[in-house]
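Residue numbers start at 1 and run along the sequence shown.
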Amino acid sequence: MAARRISVLLSRSFTSASASPSLFPRGRNYSFAGTASRYSTAGAAAAAAEEPITPPVKVNYNRLLIDGEFVDAASGKTFPTLDPRTGDVIAHVAEGDAEDVNRAVSAARKAFDEGPWPKMTAYERSKILFRFADLVEKHNDEIAALETWDNGKPFEQAAKIEVPMMARFFRYYAGWADKIHGLTVPSDGQYHVQTLHEPIGVAGQIIPWNFPLLMFSWKVAPALACGNTVVLKTAEQTPLSALYVSTLLYEAGLPPGVLNVVSGFGPTAGAALASHMQVDKVAFTGSTSTGKIILELAAKSNLKTVTLELGGKSPFIVCEDADVDKAAELAHFALFFNQGQCCCAGSRTYVHESIYDEFVEKAKAYATKRAVGDPFKEGIQQGPQIDSAQFNKILRYIRSGVDSGAKLETGGERYGAKGYYIKPTVFSNVEDDMLIAKDEIFGPVQSILKYKTLDEVIRRANSTNFGLAAGVFTQNIETANRMMRALRTGTVWINCYDTFDAAIPFGGYKMSGQGREKGIYGLSNYLQVKAVVSPLKNPAWL
């Protein structure tokens, strides 16, 4: 499939009446099971009482990956990574700090300055990345199981969508590796002028916990395709899948030191990486507040270039002419996908006043039917939130919504007695000045706002510090054309949402970030442009 349309795949899968015979079928070509419409309160109670399913995978990699070898942290410290279904410890992982970042950067620096990777032909580099994509597909279920265990997202989502997308991203950039080149430039005079597109050097990369594998792909794939070396810091909540897939890159033929992985915490390992004088570029995905710190550390050190993909409070605008059934279904997906832990979640649902009440009832129905439970169980649409901090933060925002006068239509409380599950929550009668309409909640909380005119909703949609994405649902091409140009966001989805493809650039306006990832635009993050000028004597032509 050329375009991995998450929204289409999930909406078709979760409304299908078909059932797959087992949770872990042979191979990876299987369909989602279950149907939201058959989910009931009784089923929820039964699911909550069940013991968690034992993950069909073991943790074999929990140390730092430096210079092609797994090593302990210099301090000897470890930290626990937890199962969000229960809060129990999955494994203890090496806790890297500044000394470990120094070791990793030294390995990456040596691999870039002296090693074979940047001197290898682009075609040879591409073959390694292609082999890695093949290995990802071979180990699809193991990778997906680790991702679900450590993160809490549905196994079916990880195995059917996210791991295949990872392979697709690496194949996309493997294809670019031998197509990166400069230009011959005419000049006013007798000179030969050319540009060289050179790898930037050592790239420091810091990835978040909500999509560990995909963010690994968005950052590592273009960096390696351009001939750089990498030091990657994983999120402390989800270190396991990145460590696992990194071994597959070395199995594919990556030279030692080209990719180094340090697990640890932001104030120690992350800060050391962002401020390191031997790191030539840093890329970060995460919160806007942390992005500001990364930018400051980069500026105060060696003024390294920075790419930031930060927070969002994306509007999902349902126009007067919309098909209400389809709009409600898509708006539900736009918010609740990945437990609502998505930077581009459609978290401000603006609905025209003429269809508002009907829409609210349908949104409530979708949320009520959403299948919540153990993410390893077939047909589950929503697993637990990532950890206790995020769980409690979401519940505080829900209480804020109630206290500020929004109408709680459904949900609003924890699900079950164990783990970090929250019932899908819908608020109506939401006003723009309420915290649930202003702040990035990062959870399964849908806020539905009412509007009268397009001018009004454009103004309100743009009245935010964020500008990551927006959705517009309309049958009128003139309305679509107007909205796509008026909305100050890096992505506008028209009658779709969360449509991601390796070739589609992604990034934000305003405080949602700097730069673009994916597509041809993602290559520029990891390249320097050098102009080379030499005189010509008696040229035959200019």
Participant: Here's a test for you: under ring-ring contact (aromatic ring centres under 6.0 Å, His included), which of Y173, Y250, F170 qualifies with F132?
Facilitator: F170

Participant: How would you list, by chain and number, every residue that makes a side-chain hydrogen bond (donor to acceptor under 3.5 Å, both in side chains) with Q341, sequence neighbours excluded?
Facilitator: Q385

Participant: Could you grab the distance from atom CD1 of I398 to atom NZ of K423, nearest 0.5 Å is fine?
Facilitator: 11.0 Å

Participant: Are more than 12 heavy atoms, taken from residues, nucleotides or ligands other than Y521, located less than 6.0 Å from that residue's OH atom?
Facilitator: no

Participant: Which pairs count as salt bridge (charged side-chain N to carboxylate O under 4.0 Å, His left out) when at least one residue sits in residues 58-70, sequence neighbours excluded?
Facilitator: R63-D72

Participant: Any chance the rings of F265 and F79 have centres within less than 6.0 Å?
Facilitator: yes

Participant: Looking at E99 and R103, is any side-chain nitrogen of the basic one under 4.0 Å from a carboxylate oxygen of the acidic one?
Facilitator: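 Not counted as a salt bridge, because no side-chain N and carboxylate O are separated by less than 4.0 Å.
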
Participant: Apply side-chain hydrogen bond (donor to acceptor under 3.5 Å, both in side chains) to T489 and list each qualifying residue two or more places apart in sequence or on a separate chain.
Facilitator: none

Participant: For F284, is there any backbone N or O sitting under 3.5 Å from a side-chain donor or acceptor partner on Q205?
Facilitator: no

Participant: Taking K119 first and then E114, would you say they form a salt bridge - that is, a charged N and a carboxylate O separated by under 4.0 Å?
Facilitator: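 No, this pair does not count.
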
Participant: Under the side-chain hydrogen bond (donor to acceptor under 3.5 Å, both in side chains) rule, collect the residues that match up with D150, sequence neighbours excluded.
Facilitator: T81

Participant: Is it the case that over 12 heavy atoms from other parts of the model lie below 6.0 angstrom from the NZ atom of K179?
Facilitator: yes

Participant: Listing request: all salt bridge (charged side-chain N to carboxylate O under 4.0 Å, His left out) pairs with a residue in residues 507-527, at least two apart in sequence or in separate chains.
Facilitator: K219-E517

Participant: Applying salt bridge (charged side-chain N to carboxylate O under 4.0 Å, His left out), which residue pairs with at least one partner in residues 239-264 are found, sequence neighbours left out?
Facilitator: none

Participant: Who passes side-chain contact (heavy atoms from CB on, under 4.5 Å) against E440, sequence neighbours left out?
Facilitator: C343, F442

Participant: Among residues at least two apart in sequence or on other chains, which ones pass side-chain contact (heavy atoms from CB on, under 4.5 Å) with P118?
Facilitator: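 Residues passing side-chain contact (heavy atoms from CB on, under 4.5 Å) with P118: F112.
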
Participant: What's the spacing between M165 CE and Y172 OH if we round to 0.5 Å?
Facilitator: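 If we round to the nearest 0.5 Å, M165:CE and Y172:OH are 13.0 Å apart.
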
Participant: Show the nearest heavy-atom pair for residues F155 and A145, with the distance to one decimal.
Facilitator: CE1-N, 3.8 Å

Participant: Contact between I53 and K377 at the side-chain level, heavy atoms closer than 4.5 Å - yes or no?
Facilitator: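 Yes - at least one pair of side-chain heavy atoms lies under 4.5 Å apart.
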
Participant: Can you confirm whether more than 12 heavy atoms, excluding those of K393, are under 6.0 Å from its NZ atom?
Facilitator: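 Yes.
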
Participant: Using the salt bridge (Lys or Arg N to Asp or Glu O under 4.0 Å) criterion, which residues pair with D113? Sequence neighbours excluded.
Facilitator: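 Checked D113 against salt bridge (Lys or Arg N to Asp or Glu O under 4.0 Å); matches are R109.
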
Participant: Sequence neighbours left out, what passes side-chain hydrogen bond (donor to acceptor under 3.5 Å, both in side chains) with D387? Give chain and number order.
Facilitator: none

Participant: Under 6.0 Å between the ring centres of F506 and F500?
Facilitator: yes

Participant: How would you list, by chain and number, every residue that makes a salt bridge (Lys or Arg N to Asp or Glu O under 4.0 Å) with K313, sequence neighbours excluded?
Facilitator: none

Participant: With sequence neighbours left out, which residue pairs that include part of residues 80-89 fulfil the salt bridge (charged side-chain N to carboxylate O under 4.0 Å, His left out) condition?
Facilitator: D83-R85, R85-D374

Participant: Kindly say whether G286 contributes a backbone atom to a donor-acceptor pair with the side chain of T290 at under 3.5 angstrom?
Facilitator: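 No.
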
Participant: State plainly whether the residues K233 and E236 are in salt-bridge range, i.e. N to O under 4.0 Å.
Facilitator: yes

Participant: Checking salt bridge (Lys or Arg N to Asp or Glu O under 4.0 Å) for the pair K292/E296: CA distance, chi angles, key distance, verdict?
Facilitator: CA-CA 6 Å; K292 290 180 178 181; E296 181 180 9; over 6 Å; no

